[in-house]
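To start, the structure under review is shown below, and the notes come after it.
Here is the naming used below: chain letters follow the sequence lines, and residue numbers restart at 1 for every chain. Treat the numbers as computed from the prediction; the structure is a model and nothing was measured.
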Amino acid sequence: MIHNTKAHKFGMLIDLDKCTGCGSCMVSCMAENNVPFKEDESRKKDSITWMRVYKLTNGKSFPDTEVVYMPRPCQHCSGIGDHGHSPCVSVCPATATDYGYDTGIVSQIYTRCFGCRYCMGACPYHARYFNWWDPKWPEGMENYLSPNVSPRMRGVVEKCSFCYHRYQLAKDKAYAEEREIEEMEYQTACTTACPAGAITFGDLNNPAHKVTQIVKPDPHPVPGNPKVVGKSRNPKVFRLLERLGTNTKVYYMSEREWVRKAGDNYLDGEWDKVKNHHGAETSHG
Amino acid sequence: MKIDRRSFLGLGLGAAAGIAVSPVGVKLTDDSSIWTQNWPWTPVPEDGEITYENSVCSLCPGSCGISVRKIKGRPVKIEGDENCPITGGGACLHGIAGLQYLYDPARVKTPLRKNGKRFEPISWEEAISTVAGKLGEIRENGSDTLGLITGGAQGSMTGMFRRFLDAFGSSNAFAMPSLDANLELTAQTLHGAGKTLGFDLENSDFVLSFGAGLLEGWGSPVACYKANSSRKERHGKLYQIEPRLSNTAANADKWIPCKPGTEADLALGICAVLLSKNLFAPGVYPGGLNRFTANVTKQYSPENVEAITGVKAADIEKLAVEFANAKNAVAIPGRGRGDQGQSLREFAAVQTLNALTGRLNKKGGVFIFDKESYLSFPEAAMDEIAEAGAGKDKQAASLDELVTKINASDAPLLNALFVYNANPCYALRDPKRVKDAFKKVPFVVSFSSYLDETAMEADVILPASTFLERMEDVPSGGGLAKQVVGLARPMVNPVFDTKNPGDALIALAQAMGGTIAESFEWETYEEALEAIAESVWETLSEEGYAVVAEGNPEGIPTTNFAYMADMPDAVQAQGDGKLILMPIDNMRLTGASSPFAVKTVSDKVIAGKDVVVEINPATAKGLKDGGDAVITTPVGKAKVKVFLNEGMMPGVIGMAKGLGHTYDNPYVAGKGVNVNDLIAPVIEPGSGLDAAFGITASISKA
């Protein structure tokens, strides 16, 4: 009998230079997780997309304009100092969202949620969505719904779960076969769908996993900002609003400096001071 | 009893203790939480064993392998098939959303017959006998008045339809514009008949794309995504030439904006530099090279090309040298998806560039394939009428010409028309004229799965099962460097009273009797397919795929410069407006999208019920970002919203394709306008292609 002795810390790396903005990840997520749809989905504030692809531009005028697409799932924050106090978990009065210390995944339990939406206010990434209406499928279309993810109802908040049910299925199988779960056995629906191979998913606690090898997370707090742990030692890799200390587990990668700069808000001239502190120079390990 | 202070407190404490211990409170709280969480209207999907089955998606010419996850036999999710020789496991958003097409609200659920302006449901028997009866009458008075429009020209299903026409005695088979047809025409013009082009993007270290939307759905989309991703790992380069910062341009190493419709001029400009600098490769050039050299260097000097395209002369020279010196470079043609609004002049100019730099049949270059057919139909039985019909010429050279001729003629040119896997009343330029032509055909039979714009014009609809409900061979197309055929298998029983169109056709042929029935002596389409695809059937049925051709063909094919040496004229956008309206191919929108796909579309493309057009702020004088505007072209007018986009070349308005549907699916239709409503076809002399990629336009504040 194998006991789950070591905690996982699942995380993701998205290569923004490879991402083409095709939308496969968004649809794969919707199909995997029984995400509903409405007649008008052009009001993006109430359009439920666990995975949303944003379009960033460098703000320059023709012909120097550049565009990059940035897929944004739930960032699965580990919270200040990596202690599991992610912004949403800290404010939920119903324990409807919780931090999995064995997986690093921030859960959402729809039947506990009573729709106060504190979590939505707390989330710096707009990763959470409220069901203003009951889901409605055209006649017969409920037939494709998956039993692995409960369809949600009016009045609850939902968000990306890193396809937790896929972890459960893989874990059950590994458990039955008395072995540890392997890297490729648990992959999110967006990762497997990406035709560009821009998404890498795995266990950030496992040095053998590809995501860890690329990200090279620094286990030590950042000097001067002890809230931040797990900063990447790869100079091309960054996280969104990193210095808040949310310690997200979704990392982004780009060769282009303006893209990395778009990961946070900087005062005039501030970027030039901090950009070089990104990566190996500041690390201890 | 007197209640004193002591007993009052005692009772109170007793009651408190009682309530605390009693299960009633807990029970009531529990009940109320259960009651408030009792959502009987929220579906509870049935659980069960998980299984996977492989098939092939046929929503577009990509032929991507798919893996369908089933729960207790019920399909719940489509993903890419890792064993697919084309995609290796990727999938696009439309394929992944494939299950939504099964339950599309616009599906035709049973055979329909038009009665006045409305459709009435009829049985299959009645539908077949109605069509057979009508066709029988028509055949007596001129068998060549039966026409056929299909989506593509490949595969056994199209083969069956064409066979029906042969046996009936008509040669009037037409196909919708496609990249495949354009590539074949290019190969025929430059390298000889019976050939087609395949681009080895996976091994190319320098892709020079003349507007080809490699990330916008060009060719086999997932294969293009894969090749693009592998390019990043191989540090290969991609230069994108087009007026708009498309996703392809954004992902490329260099975006070279050029004026809309001048891609061919730039290609010729590069050819001129190569020829004048003696940078071209030796090759087999049987005809016209000297004349081409003389004409192209005279007319397409870098300075002239700068004036035409807007690309600087010095940059053109640099580009030419860079392209000639790259090891495994390839140039690819086809603006956007390369299917519609394309000119042979552009395709041939780009392929000429490949030929001059010695990229033919080279790794990372362009392969000139013989068109391999894995299909062999037995000889069709022909009676006198069929023989007579076979001798007659086609009514028109292309579908667009057919539409024009039908509209121009007083007597009906066609008495009957079959439409399969095509929606010309939406997808061709100026669809109103296509609808008018359909109204002039007395008897239209549609084999559509959906009550789309074209099916609405039909007299009888014999509804087709979707790709998830039927078996079919799915040949790859779209400029792939290999030729593969996949086998789509039924993943689910037909949800509605529909048939495999092959079976509908067999039933129809049997009902017609005579030699037509003899030409279709199969019990079922599946039996027919097994016989027709015999050469590959064993692999196809066992593996799900069969590779028909792979790797670079031997030798260097000849390149005939006669067509290009004549310096064919560029097709100009119609009208005299100051701006050019350019249709945008957007990966997230197809001709018929799913609710999921439309949900992913940006609010800078669809805003409520409006379409949003892109325009450079410098061009959009007086227009506000997000404001209302009206676009006027020589053909039509549309209310739009404005998106000021620095990624548009000044002088160009961009509008997404794939919107403005009018069928009964509120998640997809009723949004924006169909850009085709605003563009008139302009036929290219010689090729017969509708080469109008855009049209001149003006825009003003609403």
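- Ranked by non-hydrogen atom pairs under 4.5 Å with chain A, the options Gly48(B), Pro650(B), Cys224(B), Ser602(B) are led by Pro650(B).
- Ring orientation note: the planes of Trp255(B) and Phe62(A) are nearly perpendicular, at an angle over 60° on the 30°/60° scale.
- Counting only N and O atoms by type, the side chains of Asn493(B) and Glu469(B) include no donor and acceptor under 3.5 Å apart.
- Between Asp253(B) and Arg231(B) a salt bridge is recorded (basic side-chain N to carboxylate O distance below 4.0 Å).
- Residue Glu139(A) touches chain B through its backbone alone, counting heavy-atom pairs closer than 4.5 Å.
- Interface remark: of the candidates Val601(B), Leu102(B), Asn247(B), Asn586(B), Asn247(B) forms the most heavy-atom pairs closer than 4.5 Å to chain A.
- Glu79(B) and Arg69(B) are joined by a salt bridge, as a carboxylate oxygen and a charged side-chain nitrogen come within less than 4.0 angstrom of each other.
- Neither the backbone nor the side chain of Arg52(A) comes within less than 4.5 Å of any heavy atom of chain B.
- Using a 4.0 Å cut-off between a side-chain N of Lys or Arg and a carboxylate O of Asp or Glu, Arg166(A) and Glu32(A) qualify as a salt bridge.
- Ring-centre distance between Tyr667(B) and Phe596(B): not below the 6.0 Å cut-off.
- Between Lys226(B) and Glu202(B) there is no salt bridge, since no side-chain nitrogen of the basic residue lies less than 4.0 Å from a carboxylate oxygen of the acidic one.
- Interface remark: of the candidates Leu245(B), Thr248(B), Val222(B), Leu245(B) forms the most heavy-atom pairs closer than 4.5 Å to chain A.
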| request: Could you please spell out the steps behind the side-chain hydrogen bond (donor to acceptor under 3.5 Å, both in side chains) verdict for Ser42(A) and Asp40(A)? | output: CA-CA 6 Å; Ser42(A) 71; Asp40(A) 180 7; 2.7 Å; yes

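- Between Tyr167(A) and Tyr186(A), the distance separating the two ring centers is shorter than 6.0 angstrom.
- Proximity to chain A (any heavy atom under 4.5 Å) is shown, for Lys599(B), by both the backbone and the side chain.
- Heavy-atom distances place the backbone of Glu66(A), and not its side chain, under 4.5 Å from chain B.
- In this structure, chain B has heavy atoms under 4.5 Å from both the backbone and the side chain of Ser28(A).
- Cation-pi geometry between Lys109(B) and Phe496(B) is met: under 6.0 angstrom from the ring centre, within 45 degrees of the axis.
- Using a 4.0 Å cut-off between charged nitrogen and carboxylate oxygen, Glu185(A) and Arg179(A) count as a salt-bridge pair.
- For Ile50(B), the part lying under 4.5 angstrom from a heavy atom of chain A is the side chain only.
- Counting heavy-atom pairs closer than 4.5 Å to chain B, the top-ranked of the candidates Ile48(A), Thr65(A), Val149(A), Asn34(A) is Thr65(A).
- Note on Ser24(A), Cys19(A), Gly197(A): by heavy-atom pairs under 4.5 Å with chain B, the leading option is Ser24(A).
- At a 4.5 Å heavy-atom cutoff, Lys609(B) makes no contact with chain A through either its backbone or its side chain.
- Proximity to chain B (any heavy atom under 4.5 Å) is shown, for Asp15(A), by neither the backbone nor the side chain.
- Residue Cys194(A) does not touch chain B at all, counting heavy-atom pairs closer than 4.5 Å.
- Heavy-atom pairs under 4.5 Å with chain A were tallied for Met587(B), Gln100(B), Glu46(B); the largest tally goes to Gln100(B).
- Under the 3.5 Å distance criterion, with hydrogens and angles disregarded, no donor-acceptor pair is assigned to the side chains of Thr42(B) and Arg154(A).
- Residues of residues 232-242 of chain B lying under 4.5 angstrom from chain A, judged on non-hydrogen atoms, are Lys232(B), Glu233(B) by number.
- At a cut-off of 3.5 Å, with distance as the only test, a side-chain donor of Asn251(B) or Asn228(B) sits close to an acceptor on the other residue.
- For chain B, no part of Val68(A) is nearby; none of its heavy atoms comes within less than 4.5 Å.
- Of the atoms belonging to Met648(B), it is backbone heavy atoms, and not side-chain ones, that fall under 4.5 Å from chain A.
- Heavy atoms of Pro75(B) lying under 4.5 Å from chain A belong exclusively to its backbone.
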| request: Walk me through it: do Asp46(A) and Arg43(A) pass the test salt bridge (Lys or Arg N to Asp or Glu O under 4.0 Å)? | output: CA-CA 6 Å; Asp46(A) 64 38; Arg43(A) 288 189 316 258; 3.1 Å; yes

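- Only the side chain of Tyr69(A) comes within less than 4.5 Å of a heavy atom in chain B; its backbone stays farther off.
- Donor-acceptor pairing under 3.5 Å is recorded for the side chains of Ser254(A) and Asp17(A).
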